[in-house]
Every structure is written in structure tokens, then in C-alpha cells.
Amino acid sequence: MSRYILIYTTTSDKEGAEKIAQILLEKRLVACANIFPISSRYWWQGKIEQADECGMLLKTRKELYQKVEKEIKRLHSYTIPAIICWNIEKGSKEFLEWIKKETKSRRERKKIRRLGRI
């Protein structure tokens, strides 16, 4: 079973995406956030809409999904934000280890450092 995931979401603008990314990174809930412009077409309240948005790909550990989802919903400007998760089935060992390392809490990182000195 995969221990790592990609989470996809969209925001109405770059500033919203940057705010969400910064908070998720500061809280160590994600190791990386890719932000990119997209043109969206979608159904909303009975009609087809279109908007320029920002897409986001977030890389993290599977066990952190619920916390990431909660933060996105708390910070997001949309009533129903798109939040989709994919398992990372394969990836370079070094990259996946980097995700693991960068999403550890401060307490977990201190414990690892302390144990490494023994």
C-alpha cells in the first residue's frame, strides 16, 4: 500500500493558492506545493461557468490527508473546493524519503536527531 499521496485542488487566484501552500508548508503537512495557472469550465448552480484559476499539486504522506483536507477547507474561498487525492504507487526512493523527512513534525524531527546522536 502506498504511503505517499498527491493532493490536487484549485483556487480562484494565485494569492489564495500561495496562502494555502505557505500554511501547509509551515505546518509540515506537505513537503511541496506546485502552483500553476489553469482555465476551468464547470457546472455551478445549474449552468456552465468558466474561470481562470490556479491548480495546486501537493505532495505529502497518506497519514496526513485528513489534516491537509481540513486546512484547505478552513482557508479556501470556495463553498465546495475541489480536493482530490491520488496514491503515489511508485517514485524514486530518494524523493519519497524527502517527502517523509519534510513532513515530520518538529517533535518528530527532534526525536530523530536525538536518536541519531546515540
Side-chain angles (χ1 to χ4, degrees):
M1 184 192 313
S2 175
R3 294 177 14 186
Y4 304 98
I5 57 174
L6 284 174
I7 299 172
Y8 172 77
T9 191
T10 58
T11 59
S12 61
D13 56 34
K14 187 176 179 187
E15 292 77 24
E18 288 174 344
K19 176 183 174 183
I20 291 170
Q22 187 67 30
I23 290 170
L24 292 174
L25 287 162
E26 287 173 359
K27 291 186 172 195
R28 296 279 181 167
L29 295 176
V30 301
C32 177
N34 301 120
I35 300 169
F36 46 92
I38 58 173
S39 178
S40 298
R41 308 279 186 284
Y42 53 91
W43 280 98
W44 184 248
Q45 298 181 339
K47 60 184 178 178
I48 296 175
E49 299 283 345
Q50 70 180 52
D52 291 330
E53 297 181 295
C54 280
M56 296 176 67
L57 279 177
L58 308 165
K59 297 152 187 118
T60 191
R61 292 181 288 139
K62 191 173 204 168
E63 65 192 67
L64 296 174
Y65 175 80
Q66 293 300 326
K67 290 180 181 180
V68 173
E69 180 183 328
K70 184 178 178 180
E71 282 299 304
I72 292 171
K73 287 179 176 179
R74 183 179 72 81
L75 298 165
H76 215 287
S77 64
Y78 291 170
T79 305
I80 304 172
I83 306 171
I84 301 168
C85 175
W86 292 281
N87 288 324
I88 298 174
E89 295 300 328
K90 293 185 181 190
S92 73
K93 179 181 174 184
E94 298 82 6
F95 186 75
L96 297 178
E97 285 295 319
W98 173 78
I99 293 173
K100 181 179 176 181
K101 175 183 167 235
E102 297 304 331
T103 57
K104 294 286 185 185
S105 68
R106 178 176 287 149
R107 188 176 72 218
E108 290 171 312
R109 289 191 314 275
K110 283 182 181 180
K111 183 178 178 182
I112 290 167
R113 283 194 299 268
R114 190 179 74 242
L115 292 173
R117 293 182 189 148
I118 296 174

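Atoms considered below: every heavy atom in the structure, side chains included; atoms not considered: hydrogens, waters and symmetry mates. Bear in mind the structure is a predicted one, so any value in this text is a computation, not a measurement.
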Counterpart residues, salt bridge (charged side-chain N to carboxylate O under 4.0 Å, His left out), relative to K27 (two or more places apart) = E71
remark   = Rounded to the nearest 0.5 angstrom, the NZ-OG1 distance for K67 and T103 is 10.5 Å
ask   = Rounded to the nearest 0.5 Å, what separation is found between the OG atom of S92 and the CH2 atom of W98?
value = 10.5 Å
key: Polar side-chain atom of R28 near backbone of E102 as donor-acceptor pair, under 3.5 Å   = yes
query = What about I84 and I80, same hydrophobic cluster or not, with Ile/Leu/Val/Met/Phe/Trp/Tyr joined at side-chain heavy-atom distances under 4.5 Å?
reply = no
ask   = Does the side chain of R61 come within less than 4.5 Å of K104's, by heavy atoms?
value = yes
message = Rounded to the nearest 0.5 Å, what separates atom SG in C54 from atom CG in N34?
response = 12.0 Å
query = Can R41 and S39 be said to form a side-chain contact (heavy atoms from CB on, under 4.5 Å), step by step?
reply = CA-CA 7 Å; R41 308 279 186 284; S39 178; 2.9 Å; yes
Heavy-atom pair of closest approach, residues S2 and Y4 = OG-O, 2.7 Å
Other ILVMFWY residues reachable from L24 by side-chain steps of under 4.5 Å = I5, I7, I20, I23, L25, L29, V30, I35, M56, L58, L64, Y65, V68, I72, L75, I83
query = Using links of under 4.5 Å between side-chain heavy atoms of ILVMFWY residues, direct or through other members, which residues join Y78 in one cluster?
reply = none
key: Contacts of type ring-ring contact (aromatic ring centres under 6.0 Å, His included), residue W86, not counting sequence neighbours   = none
side-chain contact (heavy atoms from CB on, under 4.5 Å) between Y8 and C85, intermediate numbers included = CA-CA 6 Å; Y8 172 77; C85 175; over 6 Å; no
Show the atom names and distances, to 0.1 Å, of all donor-acceptor pairs under 3.5 Å that link a side chain in residues 10-19 to residues at least two apart or in another chain.
| residue | atom | partner | partner atom | Å |
| --- | --- | --- | --- | --- |
| T11 | OG1 | D13 | O | 2.9 |
| D13 | OD1 | E15 | N | 3.4 |
| D13 | OD1 | G16 | N | 2.7 |

request  = Walk me through it: do E63 and R3 pass the test side-chain contact (heavy atoms from CB on, under 4.5 Å)?
outcome  = CA-CA 8 Å; E63 65 192 67; R3 294 177 14 186; over 6 Å; no
request  = Just do the salt bridge (charged side-chain N to carboxylate O under 4.0 Å, His left out) check on E97 and K101 with the steps written out, would you?
outcome  = CA-CA 6 Å; E97 285 295 319; K101 175 183 167 235; over 6 Å; no
Inter- and intrachain pairs under ring pair (Phe, Tyr, Trp, His ring centres under 6.0 Å), touching residues 9-48, at least two apart = none
